[in-house]
Participant: 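Structure below; questions to follow.
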Amino acid sequence: MATDTAVRELDAVVIGAGFAGLYMNHRLRDTLGLDVHVIEAGTGVGGTWYWNRYPGARCDSEAYMYCFAFDQDLMQEWEWSGKYPEQPEILSYLNHVADRFDLRRNMSFETRVSSAHFDEESNRWDVKTDKGEHYRCRYFITGIGCLSSGQIPDFPGRDTFAGEAYHTGAWPHEGVDFAGKKVAVIGTGSSGVQSIPVIAAEADHLTVFQRTPQYMIPARHGNVDKSVLDEIKTRYETIYEKARHSVGGFPYDVQDRSALDVDDATRQDIFEQSWEDGGFKFMFNSFSDLRTSLPASELAGEFIREKIKETVKDPEVAERLLPLDHPFGSKRVLIDTNYFDTYNRDNVRLVDINVEPINQINETGILAGEEQHDFDIIVYATGFDAMTGSFNKIDIRGRNGQKLKDKWEAGPLTYLGLTSVGFPNMFMITGPGSPSVLSNMPVAIEQHVELITDTVRHMDSSDLELIEAEPEAETAWVQHVNELAEPTMFMHANSWYLGANIPGKPRVFMPYAGGVGTYRKHCEEVVAKGYEGFTFTPADESVSA
Ligand code: NAP
């Protein structure tokens, strides 16, 4: 039973030791000299890459872009091995960062923040953990990730299954042995699509339960010659600067051509070339309007459907795999390796749960439609309560004891995706309403961490006690975020961006769809205009602690 211990006074508490928490710790502690403590639920650093250890897990951002850019030496010394960074390699990288900057010495592991309450008497945050620790701090900062709260649907009888069951986002550290086993994977999002080919190659038999067929672009993953990466390193500053001012946080050249303005043969050639290149370039580097024009998106969708039909040998299976009910780019674009080829294997079966719904999970397996499927292992690749789920798990209360969860009941309300009215001196790194998941995350994270650092520096040097968003600014920001999403393909599908994967969750588009470059510029203007939309309370006007 946890007991309340002495209160520890600090400048800042940061939750999470992933990319966000690591860098925030470094900036506040080592650049500003603040007394900071980081609280992390895992036994080590890594965040997403600590938890998501499922087979095939890797990032869809190219490796040379999926890292910190704040330290030239760090950038030069780290060697990536492949086109895309695999989970063990990213975890090694983040451990290297933690070692290099000695970031663990002010961290608690295996500890969860249970509550964070703003005390209006002292203008301090009281942060309590499940270990009974109590911190009192000026700044309360969340680096809790956008996809950290795993969800396993409440299928009837779910907990009666007698075999092994795993969620991709909470994978056992010792791994799972699939050899000789009958395995089910439920879900065909990024996690399912990465793990399915690897599990199929190991297991005796794999059955995939699919709700929504997906569009995919081949990754073209593989080793990258060291000389290529060395050459990239000579241009790192330019590359990152381009990424910082791009849409998706990638340094890809932007094409100023519509898919509708070229003839069929030219379009086909461009799609083919982008398909050969693989990865997100297909989306960002082929045509300018795949994200915003339904007819353009449909042309890309048709191209991909043809590729699926060419790849999958059994026409009936291919038909079930064709995404027809949502346009390309309306859900997270998936990057795959051998996904569709996997359905040509004799030991793989696809169940369309729209035709054969999962009626029950029982002791031996899954009853889908009228058919019983027996399994040794069920893998839930069923996603996350994205963007707000991890906030809702913590009892966060601002002014007048208002709970963040209550304030966000109809959808997250933030100013810049960074702050929320009524929650002074609380900063959310890549919170809802910022580009976050629509971009290459390290680029978005660095921008937020640096903005928070500059803001804290400004407050300390100007003797300002509190920063708080203004209600009008927040209302306008939420409206702006909605308006940006409205003309995009994102509004044409049931996705986790809209909360549609969680029963009862309000249907609100949560990330900022204007691109990291535009967002960065907007933040710079806010600061240049004296932190427009924020109110500061000077130290001498506040009640002293
Ligand atoms: P996800 O994209 O939300 O996919 C979940 C899958 O489970 C979907 O196929 C979904 O079907 C299905 N599902 C959910 N609830 C279900 C239910 N009640 N019955 C049947 N099926 C159900 O989750 P994820 O694959 O874990 O990926 C989440 C995000 O994490 C990604 O979009 C990406 O941003 C990030 N991620 C990135 C990488 C990477 O960089 N490579 C890897 C993994 C994850 P519906 O489509 O019908 O909802």
Side-chain angles (χ1 to χ4, degrees), residues 41-42 51-57 87 112 147-214 314 316-317 320-321 339 342-386 389 393 494 496 500-505:
W51 297 103
N52 287 266
R53 298 170 188 240
Y54 59 84
Q87 176 272 331
R112 285 185 183 274
L147 295 152
S148 317
S149 193
Q151 75 114 8
I152 298 184
D154 196 12
F155 296 117
R158 187 189 68 188
D159 299 330
T160 60
F161 180 58
E164 301 165 51
Y166 306 101
H167 184 273
T168 48
W171 202 257
H173 289 199
E174 64 279 12
V176 176
D177 183 6
F178 291 104
K181 303 279 174 59
K182 295 200 179 344
V183 183
V185 173
I186 305 176
T188 55
S190 298
S191 307
V193 160
Q194 286 188 330
S195 56
I196 283 163
V198 183
I199 295 172
E202 283 179 33
D204 175 50
H205 192 272
L206 170 66
T207 306
V208 176
F209 292 84
Q210 169 194 268
R211 185 164 71 179
T212 308
Q214 298 267 19
D314 181 333
E316 273 179 40
V317 177
R320 268 179 270 153
L321 287 165
Y339 177 72
T342 298
Y343 293 96
N344 294 327
R345 297 178 64 103
D346 292 338
N347 69 334
V348 175
R349 179 171 170 193
L350 177 68
V351 174
D352 176 351
I353 65 168
N354 299 296
V355 180
E356 297 170 85
I358 297 178
N359 287 326
Q360 188 160 42
I361 296 190
N362 47 41
E363 206 179 328
T364 56
I366 296 175
L367 179 67
E370 300 298 310
E371 190 180 349
Q372 172 71 22
H373 304 255
D374 285 347
F375 298 111
D376 303 301
I377 301 174
I378 298 177
V379 173
Y380 292 98
T382 44
F384 300 86
D385 184 356
K393 283 187 174 167
N494 290 322
W496 57 260
N501 62 329
I502 304 293
K505 192 165 173 172

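Quick note: residue numbers are just sequence positions, from 1.
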Participant: Could you list all the side-chain hydrogen bond (donor to acceptor under 3.5 Å, both in side chains) pairs where at least one residue sits in residues 151-164, not counting sequence neighbours?
Facilitator: Glu164-Tyr166
Participant: With no hydrogens and no angle check, is any side-chain donor or acceptor of Asn359 less than 3.5 Å from a backbone partner on Ala368?
Facilitator: no
Participant: CD1/Ile366 to CD1/Ile378 distance, rounded to the nearest 0.5 angstrom?
Facilitator: 4.0 Å
Participant: State, with a plain yes or no, whether a side-chain heavy atom of Asn52 is found less than 4.5 Å away from one of Tyr54.
Facilitator: yes
Participant: Report all side-chain donor-acceptor pairs from residues 186-193 shorter than 3.5 Å, counting only partners two or more places apart or in another chain.
Facilitator:
residue	atom	partner	partner atom	Å
Thr188	OG1	Thr212	O	3.3

Participant: Find the distance between CG (Asp374) and CZ (Phe161) and round it off to the nearest 0.5 Å.
Facilitator: 8.5 Å
Participant: Can you tell me how far the CG atom of Asn362 sits from the CD atom of Gln372, to the nearest 0.5 Å?
Facilitator: 4.0 Å
Participant: Do other residues, nucleotides or ligands put more than 12 heavy atoms under 6.0 Å from the CD atom of Glu371?
Facilitator: yes
Participant: The test is side-chain contact (heavy atoms from CB on, under 4.5 Å); show your working for His373 and Arg349 and say whether it passes.
Facilitator: CA-CA 11 Å; His373 304 255; Arg349 179 171 170 193; 3.6 Å; yes
Participant: Phe384: what forms a ring pair (Phe, Tyr, Trp, His ring centres under 6.0 Å) with it, not counting sequence neighbours?
Facilitator: His167
Participant: Throw together a table of side-chain donor-acceptor distances under 3.5 angstrom for residues 200-210, partners on residues two or more places apart or in other chains.
Facilitator:
residue	atom	partner	partner atom	Å
Asp204	OD2	Lys182	NZ	2.8
Gln210	NE2	Arg320	O	2.9

Participant: Return the CD to CD distance between Glu363 and Gln360, rounded to the nearest 0.5 Å.
Facilitator: 11.5 Å
Participant: Measure from the side-chain N and O atoms of Lys505 to the backbone N and O of Asn501, and report whether any donor-acceptor pair falls under 3.5 Å.
Facilitator: no
Participant: For the atom pair CG (Asp385) and NZ (Lys393), what is the distance rounded to the nearest 0.5 Å?
Facilitator: 7.5 Å
Participant: Could you tell me the separation between the CD1 atom of Ile152 and the OG1 atom of Thr382, rounded to the nearest 0.5 Å?
Facilitator: 5.5 Å
Participant: Does CZ belonging to Arg112 count more than 12 external heavy atoms closer than 6.0 Å?
Facilitator: no
Participant: Considering residues at least two apart in sequence or located in another chain, which fulfil the salt bridge (charged side-chain N to carboxylate O under 4.0 Å, His left out) criterion with Glu174?
Facilitator: none
Participant: Under the ring pair (Phe, Tyr, Trp, His ring centres under 6.0 Å) test, which residues partner Tyr343, sequence neighbours left out?
Facilitator: Tyr339
